[in-house]
Amino acid sequence: MPKMIISVDGVVIGQVALAKERTTLGRRAYNDIVIDNLAVSGEHAVLHMTGGEVEIEDLNSTNGTYVNALAVQRQALKDNDVIEVGGCRIHFRARSNLDTGAGSIRTASGEYPSGAMPLSSAPTESGALVELGIPVLRVLSGANEGQDVGLQKVVTTVGKPGVAVAVVTRRRQGYVAAGVEGNVTLNGLQLGAEAVALQERDVLELGDATRMQFVRI
């Protein structure tokens, strides 16, 4: 089954296996693949699949659809082609190793996400399969070194009261962190009450003893 690997700023945000003849892509919620980015048109492009062959068609989008850096109106896709829509890069793979049944959405661990996903909030009956890495804070040093703190809740509090405390909040666009108490830094810079967006491999430090890294597993 063909699949699309979708990334923003070099960070993979999801994988979509193409499971039906026509799969739409755009910013509007009714698309099969929803990319919440203002550079992506409401109805940006459509993927046509016939007998395992896939073509992409631009739907007169504002910013265009590109395959291997060339603007296209409609073009057949080959293995390892790179599609660009808005600020997203999509790597096309002719074969998928996703083993989930058609029409399901799950995380890499097999758990179903409970909140809004940064890639797609389209109904599961669309036939598009979405596989996302699970966001965690990996403890690099401190009493719980080597453990992962899951971030599936809307708000996750980490640290030790009276020493250093931070909160990580899940938003539609991703995750943000803010300091609550004590000495909290993000990538070596002081983190205050104002929330800062987390990027892959950012390092959160709580006091002098605990270091945690934001990763997807």
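Scanning all heavy atoms of the two residues, the minimum distance from V72 to D58 falls at O-CB, 3.6 Å. Considering all non-hydrogen atoms of both residues, P2 and G52 come closest at CG-O, 4.1 Å. Annotation for M1 and L18: closest pair CG-O, 3.1 Å, computed over non-hydrogen atoms. Closest of all the heavy-atom pairs between K20 and M49 is O-CE, 3.4 Å. Minimum heavy-atom separation, A178 to A193: CB-O, 3.6 Å.
A heavy-atom distance below 4.5 Å is not found between the side chains of R89 and I5. Under the 4.5 Å side-chain criterion, counting only non-hydrogen atoms from C-beta, I6 is in contact with I33.
Using a distance-only test at 3.5 Å, with no hydrogens or angles considered, a donor-acceptor pair links the side chain of Q213 to the main chain of R201. Judged by distance alone, with hydrogens and angles left aside, the side-chain atoms of T62 form no donor-acceptor pair with the main-chain N or O of S41 at under 3.5 Å. No donor-acceptor pair closer than 3.5 Å links the side chain of Q147 to the backbone N or O of V139. N63 places a side-chain N or O within donor-acceptor distance of the main-chain N or O of A39, the cut-off being under 3.5 Å. H44 contributes a side-chain N or O that, together with a main-chain N or O of G64, makes up a donor-acceptor pair within less than 3.5 Å. Put simply, the side chain of T24 gets close to the backbone of D32: a donor and an acceptor are under 3.5 Å apart. With N187 contributing its side chain and V203 its backbone, the two residues share a donor-acceptor pair below 3.5 Å. Side-chain atoms of R93 do not come within 3.5 Å of backbone N or O of K3 as any donor-acceptor pair. Side chain of D81 to backbone of F92: no donor-acceptor contact under 3.5 angstrom is found.
Applying the 6.0 Å contact sphere to CD of E53 captures no more than 12 heavy atoms from other residues, nucleotides or ligands. No more than 12 heavy atoms of other residues, nucleotides or ligands shown are found within 6.0 angstrom of CZ on R28. Applying the 6.0 Å contact sphere to CG of D208 captures no more than 12 heavy atoms from other residues, nucleotides or ligands. Residue E21 places its CD atom among 12 or fewer non-hydrogen atoms of other residues, nucleotides or ligands, all under 6.0 Å distant.
Hydrophobic clustering (ILVMFWY, side-chain heavy atoms < 4.5 Å, transitive): L198 and L191 are in one cluster. Using a 4.5 Å cut-off between side-chain heavy atoms of Ile, Leu, Val, Met, Phe, Trp and Tyr, with links allowed through other members, V154 and V196 fall into different hydrophobic clusters. One hydrophobic cluster, built from ILVMFWY side chains closer than 4.5 Å, cannot hold both V167 and V184; they sit in different ones.
Distance check: L137 CG to Y175 OH gives 10.0 Å after rounding to the nearest 0.5 Å. Atom OG1 of residue T156 and atom CG of residue L151 lie 5.0 Å apart, to the nearest 0.5 angstrom.
By the side chain to side chain contact (heavy atoms under 4.5 Å, CB included) test, Q190 pairs with N183, T185, sequence neighbours left out. Take E43 and apply the side chain to side chain contact (heavy atoms under 4.5 Å, CB included) test, not counting sequence neighbours, and it matches Y30, L59.
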For residues 157-166, dump all side-chain donor-acceptor pairs below 3.5 Å to protein atoms at least two apart in sequence or in another chain.
none

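Put simply, the residue from I35, I56, N31 that forms a side-chain contact (heavy atoms from CB on, under 4.5 Å) with L25 is I35.
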